[in-house]
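Data first, discussion second: the structure below is written as structure tokens.
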Amino acid sequence: MPHLFATSDLHVTHEGNAPILDSVVPETADDWLLVAGDVAERADATIGTLKTLRGRFAKVVWVPGNHELWTTNNDPCQLRGQARYEHLVERCREIGVLTPEDEYPVWEHGARPLTIAPLFLLYDYSWRTPEAEGKPLEEALRQAREAGVVCTDEYFLHPDPYPSRQAWCAERLKISTERLDAIPEDHGTILMSHWPLHRHPTAPLYWPEFALWCGSTKTEDWHVRYRAEIAVYGHLHIPRTTEADGVRFEEVSLGYPREWRKRARGAVPMRRILWPS
């Protein structure tokens, strides 16, 4: 019987992380793998890694993280924004990897069918510190800069053709809501996003200002609204299991070598999140 595994934030181009990919292997030939973003910054490294994983697992489902959407000088692929995302989607389809633009797969090996919904949502700067609540975005960003916290997205994640990341996020929320609303009511769900859907996972952030780049208040009831059994995410590099409203949240990131080398358990390249009942 198959198992469902998940991973994120493999950051394979960082020295020390590439060899860990050898440990991302299934237990049975029918196992599935969810990849919740931040595979790599370069398009070729992202697709090459996903192709390797697709060769091992029966099904691989991917959502982009912020790093896949960066346009950096050392990437031969200089597409920006929506065009970059569409390019990655097309290349994933060529290698048989599912994306947020494909039909949602259904996990049939439990007490009820679970629709796996890969979500590309971005963020809209609505998760503020108390000092920034109710203030203009420019003030919230100023406070973050003063604290020494500015996400690299501000330099490399371009929203083209949208006027802002918030506008792109609003469009992705609209698209995702329409698709989630169409899931049969007798199905539970596994909601999969790079950015957490609920704010509680950001509580341990060393710099609370970084929550600006982590999600949206508009998704904070989705785990209840869409009958989620599990919400899978990455981005924070704080791998752990938490709960909200009786729903299990799984942060499945590997993270950077400087992070996982400090942990007693070392590198955890993937997590098993479901197995047959």
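Keep in mind that the numbers below use all heavy atoms, side chains included, and drop hydrogens, waters and symmetry copies. Just so you know, these numbers come straight off a predicted model, no measurement behind them.
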Check: Can the ring centroids of His187 and Tyr104 be said to lie less than 6.0 angstrom from one another?
Finding: no
Checklist line | Whether Arg128 side chain and Tyr125 backbone form a donor-acceptor pair below 3.5 Å | finding: yes
Margin query: Between His194 and Tyr233 (judged by ring centroids, cut-off 6.0 Å), do the two rings come close enough to count as a pair?
Written below: no
Notebook entry, point to check: Are Leu141 and Val149 linked, directly or through other ILVMFWY residues, by side chains that come within less than 4.5 angstrom of each other?
Noted result: yes
Notebook entry, point to check: Does the Lys174 side chain pair with the main chain of Ala170, one donor and one acceptor, at a distance under 3.5 Å?
Noted result: no
Item checked: side-chain contact (heavy atoms from CB on, under 4.5 Å) evaluation trace for Val24 with Leu53 -> CA-CA 8 Å; Val24 185; Leu53 296 173; 3.6 Å; yes
Next item on the list: Determine, for Glu27 against Arg272, whether the closest basic-nitrogen to carboxylate-oxygen distance falls under 4.0 angstrom.
Entry: yes
Check: Are Leu180 and Val232 co-members of a hydrophobic cluster defined by side-chain heavy atoms under 4.5 Å apart?
Finding: no
Checklist line | Donor on one side chain, acceptor on other, Thr28 and Asp31, under 3.5 Å | finding: yes
Notebook entry, point to check: Any luck finding a side-chain donor-acceptor pair between Ser176 and Glu178 under 3.5 Å?
Noted result: no
Note to self: Taking Pro161's backbone N and O only, do any of them form a donor-acceptor pair with Arg80's side chain (distance below 3.5 Å, no angle check)?
What the structure shows: no
Notebook entry, point to check: Is Tyr123 reachable from Val150 through a run of I, L, V, M, F, W or Y residues, each pair having side-chain heavy atoms under 4.5 Å apart?
Noted result: yes
Check: Does a side-chain heavy-atom distance below 4.5 Å link Ile20 with Trp260?
Finding: yes
Notebook entry, point to check: For Tyr85, which of Glu68, Glu101, Glu90 qualifies under side-chain hydrogen bond (donor to acceptor under 3.5 Å, both in side chains)?
Noted result: Glu101
Notebook entry, point to check: Do the side chains of Thr13 and Arg42 get nearer than 4.5 Å, heavy atoms only?
Noted result: yes
Check: Are any non-hydrogen side-chain atoms of Ile230 and Leu274 less than 4.5 angstrom apart?
Finding: yes
Item checked: Gap separating the CD1 atom of Ile47 from the OG1 atom of Thr52, nearest 0.5 angstrom -> 11.0 Å
Margin query: Test side-chain contact (heavy atoms from CB on, under 4.5 Å) on Leu33 and Lys59; report intermediate values, then the result.
Written below: CA-CA 6 Å; Leu33 179 68; Lys59 197 177 292 291; over 6 Å; no
Next item on the list: With rounding to the nearest 0.5 Å, note down the distance linking CH2 in Trp62 to SG in Cys92.
Entry: 5.0 Å
Note to self: I'd like to know if the side chain of Glu220 reaches the main chain of Arg199, judged simply by a donor and an acceptor atom lying under 3.5 Å from each other, with no hydrogens or angles considered.
What the structure shows: yes
Check: Is the Phe120-Trp168 ring centre distance short of 6.0 angstrom?
Finding: yes
Margin query: Name the residue from Thr189, Asp181, Thr219 that meets the side-chain hydrogen bond (donor to acceptor under 3.5 Å, both in side chains) definition with Tyr226.
Written below: Asp181
Item checked: Considering all heavy atoms, the nearest Leu114-Glu229 contact -> CD2-OE1, 3.5 Å
Check: Do any N or O atoms from the side chain of Glu41 and from the backbone of Thr72 form a donor-acceptor pair under 3.5 angstrom?
Finding: no
Notebook entry, point to check: In terms of hydrophobic clusters joined by side-chain contacts under 4.5 Å, are Val97 and Met192 together?
Noted result: no
Item checked: Short N-O contact, Glu250 and Arg240, less than 4.0 angstrom -> no
Note to self: Quick check: is Leu191 connected to Trp195 through a chain of hydrophobic side chains (ILVMFWY, heavy atoms under 4.5 Å apart)?
What the structure shows: no
Check: Do Asn17 side-chain atoms and Leu10 backbone N/O form a donor-acceptor pair below 3.5 Å?
Finding: yes
Notebook entry, point to check: Which heavy atom of Ile238 sits nearest a heavy atom of Pro201, and at what distance?
Noted result: CD1-O, 4.5 Å
Next item on the list: Considering non-hydrogen atoms only, spot the tightest contact between Arg179 and Pro100 and give its length.
Entry: NH1-O, 2.6 Å
Notebook entry, point to check: Between the side chain of Ser8 and the main-chain N/O of Ser253, is any donor-acceptor distance below 3.5 Å?
Noted result: yes
Check: Heavy atoms, side chains only, cut-off 4.5 Å: are Trp32 and Phe5 in contact?
Finding: no
Check: If only atom types and distance count, is the side chain of Arg56 paired as donor or acceptor with the main-chain N or O of Val25 below 3.5 Å?
Finding: no
Next item on the list: May I ask you to decide if the ring planes of His198 and His223 are parallel, tilted or perpendicular, using 30° and 60° as cut-offs?
Entry: perpendicular
Next item on the list: Mind listing the closest non-hydrogen atom pair of Pro105 and Leu98 along with its distance?
Entry: CG-CD1, 3.8 Å
Notebook entry, point to check: Would you call Val61 and Val35 a side-chain contact if the rule is heavy atoms closer than 4.5 Å?
Noted result: no
Margin query: Rounded at 0.5 Å granularity, tell me how far CG in Leu4 sits from CD1 in Ile273.
Written below: 4.0 Å
Check: Leu88 and Arg93: side-chain contact (heavy atoms from CB on, under 4.5 Å), yes or no, with the steps?
Finding: CA-CA 9 Å; Leu88 290 168; Arg93 286 172 171 167; over 6 Å; no
Check: Minimum heavy-atom separation for Leu121 to Ser193, with atom names?
Finding: CD1-OG, 4.0 Å
Item checked: Approximate separation, where rounding is to 0.5 Å, of Met270 CE and Leu34 CG -> 11.5 Å
Item checked: Candidate pair Leu254 and Val268, rule side-chain contact (heavy atoms from CB on, under 4.5 Å), full reasoning -> CA-CA 6 Å; Leu254 169 63; Val268 179; 5.8 Å; no
Check: Is the closest side-chain heavy-atom distance between Lys218 and Ser126 below 4.5 Å?
Finding: no
Checklist line | Any Glu15 side-chain heavy atom under 4.5 Å of Pro257 side chain | finding: no
Check: Taking atom types as modelled and ignoring hydrogens, do the side chains of Arg261 and Tyr256 form a donor-acceptor contact shorter than 3.5 angstrom?
Finding: no
Notebook entry, point to check: Using the benzene-type ring in the case of Trp, are the ring centres of His235 and His67 under 6.0 Å apart?
Noted result: no
Check: When you measure from the side chain of Asp153 to the backbone N and O of Trp213, does any donor-acceptor pair fall under 3.5 Å?
Finding: no
Item checked: CG-CG distance between Asp9 and Leu236, expressed to the nearest 0.5 angstrom -> 8.5 Å
Notebook entry, point to check: Looking only at heavy atoms, which two atoms of Leu212 and Ala144 are closest? And how far apart?
Noted result: CD1-CB, 4.2 Å
Check: Centroid-to-centroid, His200 to Phe249, below 6.0 Å?
Finding: yes
Checklist line | Side-chain ion pair, Glu138 and Arg142, N-O less than 4.0 Å | finding: no
Next item on the list: Dump the intermediate steps for salt bridge (charged side-chain N to carboxylate O under 4.0 Å, His left out) on Glu94 and Lys51, then the final yes or no.
Entry: CA-CA 9 Å; Glu94 291 170 3; Lys51 185 176 182 180; over 6 Å; no
Notebook entry, point to check: Quick one: CZ on Arg84 to CD on Gln78, what's the gap to the nearest 0.5 Å?
Noted result: 7.5 Å
Margin query: Would you say that Leu21 contacts Pro269 through its side chain, given a criterion of any heavy-atom pair below 4.5 Å between the two side chains?
Written below: no
